[in-house]
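Each residue takes its place number in the sequence, starting with 1. All values derive from a computational prediction rather than experimental measurement.
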Amino acid sequence: MKGVAYGVSQSLLISDLSHENPSIFAGAYRLYQTEQFWPADTVFVAVVDPGVGTARLSIVAEDAHRTLLRGSR
């Protein structure tokens, strides 16, 4: 994801808030706690994956606007 963003603009500032979120709730709450400290025009991309490293199937979906969504289940 970072490689794609830097491909658009190498002047972007990309920061990782945390790599230690044991649940979706914990990740959402951490973002809620800290968003007030970022500039008003900040774009947040949050990936909370408590099952990282486990065996699972991939999934790809396409919506009516041809937006591709990729993930795992």
- Inter-residue atom distance E35.CD - L17.CG, 0.5 Å rounding: 11.0 Å
- Query: For Y32, does the OH atom sit with more than 12 other heavy atoms under 6.0 Å from it, leaving out its own atoms?
  - Reply: no
- Message: Counting only heavy atoms from other residues, nucleotides and ligands, does the tally under 6.0 Å from CD of Q33 exceed 12?
- Response: yes
- Task: Quick one: closest heavy-atom pair of L12 and Y6, and the distance?
- Result: O-CE2, 3.6 Å
- Item | With sequence neighbours excluded, residues passing side-chain hydrogen bond (donor to acceptor under 3.5 Å, both in side chains) with S15 | none
- Item | Steps toward side-chain contact (heavy atoms from CB on, under 4.5 Å) verdict (K2, D16) | CA-CA 10 Å; K2 290 179 183 179; D16 291 330; 2.7 Å; yes
- Query: What is the minimum heavy-atom distance between R30 and E20, and which atoms define it?
  - Reply: NH1-O, 3.5 Å
- For the residue pair S23 and A26, what are the closest heavy atoms and their distance? OG-N, 3.0 Å
- Message: So, taking the atom named CG in L13 and the one named CH2 in W38, what distance separates them when rounded to the nearest 0.5 Å?
- Response: 6.0 Å
- Query: Heavy-atom count around Y29 OH within 6.0 Å, excluding the residue itself: above 12?
  - Reply: no
